[in-house]
Protein chains: 2
Amino acid sequence: MSAATEGTTKDRLREAAIATVRERGIAGVSARTVAANAGANQASIYYHFGSLDALLSDAAQAATAGRVAAHRDRLAAVASVSELVEVARSLHAEERELGNVTVLAQMLAGAQHDRVLAEGTTAALQLWIDEVEATLQRLLAGSLLEELVDLPALARGVSAAFVGVELLDGAEDDGELPTLDALTQLAGLVQVVLDLGPVAGAAIRRHVKRSTRDR
Amino acid sequence: MSAATEGTTKDRLREAAIATVRERGIAGVSARTVAANAGANQASIYYHFGSLDALLSDAAQAATAGRVAAHRDRLAAVASVSELVEVARSLHAEERELGNVTVLAQMLAGAQHDRVLAEGTTAALQLWIDEVEATLQRLLAGSLLEELVDLPALARGVSAAFVGVELLDGAEDDGELPTLDALTQLAGLVQVVLDLGPVAGAAIRRHVKRSTRDR
DNA sequence: GTCTATAGCTGGATAGAC
DNA sequence: GTCTATCCAGCTATAGAC
């Protein structure tokens, strides 16, 4: 365990909450384990946050805000879908180490049956989703995809896929699994279609109209 | 709670294990809650399965095999990516009710820090992944996508996305969220690209070669 | 195979000293 | 604000009656 010793108790509790979820999973989190990890006593959680749920909610949002900010510059520099895929790949690699997405996945699992945790976790995830949406919006402005796909929902779907991939890969002993690779190959294909030019674009638009009419 | 009363104790425990995960999440599962749900006593779990982990592992595989079999005929009848999307949509709706994917998501979260659970859960998920892969293989045989994408990994990625979507949507109070819609819109676009015909296909192949060379 | 009983532990939450 | 002490509910795992 990491046993933080700097900052105020309230801050150390936040950090310890995240660390404990990462190290032991949502099922291994208790007021006692978190407090031990923070070098504080168990009662301090109830004093500062009222409940363990509330601490986790609070900590998730604070930690995620930090991680999102750390990636913002890199995302802002991305100029194409293929570059975005590269950023996604390295973000995935970092997350396997630092584990913010993994922590959010654990909390999402807990959030299915816990209102307080649900609110904090969805708020935290929304920080990622907003960032993804802003990037997609910028990259796809004026393109075929912007016309044909609901962007806010796509950002949500992409984020969901990331969460799922972290969970699946985290459950395997094997080293690197190619799960993300396949999705990045798909994204690469999307980039290629975007690059096709106006003639092919028009052909695709016609096809979409036709297949939409068939419904 | 559902309190099953038919079948052998061992079977009732398996069913109760799934029901308890669905109703209370992985963090709410204990030998006591499961046994109560099965109408049996807590010690029977250790007699029949040795541990709670082992029961969950066993139950996940049995339940998933049943759900996958229930969907096999429908998947086998699918003849296009757009039809597959329709099946995925109704599968998603059913899963929100019956909850096998949701249960697997909970178990995946637990599996991150539990070897026994990890083995059972990945084996169960593999049943879905294999089914998805077989369907994709059939639909994409001879197509552009078969050449350009790693199909086993794609099947894994698609399954991961499903898990992530169940988790995200399950954490919101709101009724229907459009998360899956965006991914199905993407899939529809893929169908359109597949339908484009040999000329556009050749153009895409050229583009892919070019962008691959650039790496 | 199924039950009760139990030992020994971990858990949430509060009270109250400092 | 931080600590100790405490209550009691819930937990795992085993022993042993039937």
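Below, chains carry the letters A, B, ... as their sequence lines are ordered, and counting in each starts from 1.
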Treat primed atoms plus P, OP1 and OP2 as sugar-phosphate and everything else as base, then score nucleotides 7-14 of chain C 5' to 3': B for base contact with protein heavy atoms under 4.0 Å, S for sugar-phosphate contact only, - for none. ----BBBB
Between A/S44 and D/dT2, is there a side-chain N or O to OP1/OP2 distance below 4.0 Å? no
Just the rounded figure in Å: distance from C1' of C/dG1 to CD1 of B/I45. 15 Å
Salt bridge B/R22-B/E15, side-chain N to carboxylate O under 4.0 Å: no
I'd like to know if B/R67 pairs up with B/E95 as an ion pair, taking the criterion as any Lys NZ or Arg NE/NH1/NH2 lying under 4.0 Å from an Asp or Glu carboxylate oxygen. yes
Taking atom types as modelled, is there a side-chain donor on B/H113 or A/E23 under 3.5 Å from an acceptor on the other? no
Salt bridge B/D181-B/R89, side-chain N to carboxylate O under 4.0 Å: yes
Quickly work out the A/Y47 OH to D/dG1 C1' distance and round it to whole Å. 5 Å
Rounding to a whole Å, what distance do you find between A/H48:NE2 and D/dC3:C1'? 12 Å
Is any side-chain N of the basic residue among A/D169 and A/R96 closer than 4.0 Å to the acidic one's carboxylate O? no
Tell me the interatomic distance from B/K10, atom NZ, to C/dC3, atom C1', rounded to whole angstroms. 19 Å
Identify the residue among B/E83, B/E131, B/E94, B/E86 that makes a salt bridge (charged side-chain N to carboxylate O under 4.0 Å, His left out) with B/R74. B/E94
Quick one: B/R12 CZ to C/dG1 P, roughly how many Å, whole number? 13 Å
Distance test, side-chain N/O of B/N41 to OP1/OP2 of C/dT2, below 4.0 Å: no
